[in-house]
Amino acid sequence: MPKPEIHYSHSFGMGFWIEEDGRLMSCPAFENGSFDIENAIAVSEWDDPSVYTPEHLLVLAQVAQICTLKRDYVNIGYYAEKFRTVAV
């Protein structure tokens, strides 16, 4: 399977993607635009209550939607290439 495409959220200053098991993951972003994957954590494991305000939840919902679209886009390309000889 291809690696997930990470979405950068300016609101959180973090990168987000969806794991193969469906969990929404997050990791810190560096100033140079790269991501600290080694410190990734599932959003469901965040323990800071300040991120669960209605405003933050709206942003998280948008992030989850974008990550879902990115995951599906990457996977469609992967499967199209993998099975292209079957369709011929």
Phe16 side chain near Ser9 side chain, heavy-atom distance below 4.5 Å: yes
- request: Kindly indicate whether the side chain of Met14, heavy atoms from C-beta on, has any atom under 4.5 Å from the side chain of Tyr8.
  value: no
Approximate separation, where rounding is to 0.5 Å, of [X] [atom1] and [Y] [atom2]:
X	Y	atom1	atom2	value
Cys27	Glu38	SG	CD	10.5 Å
Glu45	Arg23	CD	CZ	6.5 Å
Phe35	His7	CZ	NE2	9.0 Å

Show which side-chain atoms of residues 59-70 pair as donor or acceptor with protein atoms under 3.5 Å away, not counting sequence neighbours.
from: Thr68; atom 1: OG1; to: Ala64; atom 2: O; distance (Å): 2.8
from: Lys70; atom 1: NZ; to: Glu5; atom 2: OE2; distance (Å): 3.3

task: Quick one: list whatever passes side-chain hydrogen bond (donor to acceptor under 3.5 Å, both in side chains) with Glu81, sequence neighbours left out.
output: Arg84
Should [X] and [Y] be regarded as members of a common hydrophobic cluster, given that ILVMFWY residues are connected when their side-chain heavy atoms come within less than 4.5 Å of each other, either directly or indirectly?
X	Y	value
Ile41	Ile37	no
Met25	Trp46	no
Ile76	Ile18	no

task: In sequence, state the C-alpha distance, the side-chain angles, and the governing distance for Ser26 and Trp17, and then conclude on side chain to side chain donor-acceptor pair (under 3.5 Å).
output: CA-CA 7 Å; Ser26 65; Trp17 70 96; over 6 Å; no
- prompt: Residues two or more places apart in sequence or in another chain: which of them pass salt bridge (charged side-chain N to carboxylate O under 4.0 Å, His left out) with Asp47?
  reply: none
